[in-house]
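Counting convention: from 1, in listed order, for ligands and their atoms alike.
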Amino acid sequence: APLEEVDLPLFFGWFLLSSVQEKVRCTSMDFLKTLDTLEAFKNRRISENEVDLEQYFKPTGALHCTTKFCNYGKAEGAKEYAENPVRNSLYGSAFELSLTALFVTPRTVGARVSLTDEQLKLWPADAEQSSAASLPPGSRAHITLGCAEGVEPVQTGVDLLEILALQQDGQQGEPAEEMELGSLTYYGEGRWLLNLREPIGAPACFSSFYG
Ligand code: ACK
């Protein structure tokens, strides 16, 4: 087939270098392990059954931060995004992502990514539109670290937007614990957010995934 007919990727995004993937996975495991031992957490369990959090969340493949989900060209705005000259010029470039928080819900565990102005140039305008709140561009940026049985990774961004919408709505959450990694807040309905004391710098390559 001529080159023009080749499908667009499943998604574009930043892919963490393998050395830092290991580090992020370890930090996330530590977080889940510690969370599991906290009294505050035991009293507000995310599932009716006693579950070991590390078993409850299944890993979801190579760690990445999705910019545009294209679904091989079927997603709205996919072609426009793929043809954007800025996207084109930055394809294959190295970036440093800043992971500023970890969060857990009954469905997903993820890391919040705080994008720089340069990184925001790669951010699609419609990424936050699934949220009823009007959150600034880049709010959805995250790395999925694990999903509960039967939950799709797309849920992680939805869960993050939900917590940020609560914050924007003035809901401070319930301060739950000062952990070594940072301060933990409870937002109800099994939603926990840990603001990292020290953001994790994660080198990543802007590229695409075909699957
Ligand atoms: O964890 P994620 O960001 O959530 O990475 C995966 C990736 O694309 C491949 O499935 C994300 N994803 C899936 N569907 C959507 C969607 N409708 N909108 C935004 N991101 C999506 C998923």
* **Shortest protein contact, atom 1 (O) of ligand 1 (heavy atom only)** => T144 OG1, 2.4 Å
* Structure fact -> The residue among L122, L8, D126 that forms side-chain contact (heavy atoms from CB on, under 4.5 Å) with Y81 is L122
* Asked: Any luck finding a side-chain donor-acceptor pair between T100 and S114 under 3.5 Å?
  -> yes
* Quick one: look up the protein heavy atom nearest atom 6 (C) of ligand 1 and list residue, atom name and how far away it is. => H64 NE2, 3.8 Å
* Asked: Do Y187 and T105 have side-chain N/O donor and acceptor atoms under 3.5 Å apart?
  -> no
* Test item, H142 contacting ligand 1 (heavy atom, 4.0 angstrom) -> yes
* Do W192 and E177 meet the criterion of a side-chain donor-acceptor pair at a distance under 3.5 Å? -> no
* **Distance from atom 3 (O) of ligand 1 to nearest protein heavy atom, with residue and atom** => T66 OG1, 2.8 Å
* Structure fact -> Of T144, D52, I46, the one forming a side-chain contact (heavy atoms from CB on, under 4.5 Å) with F57 is I46
* Asked: What residue and heavy atom of the protein are closest to atom 17 (N) of ligand 1, and at what distance?
  -> F69 CD2, 3.7 Å
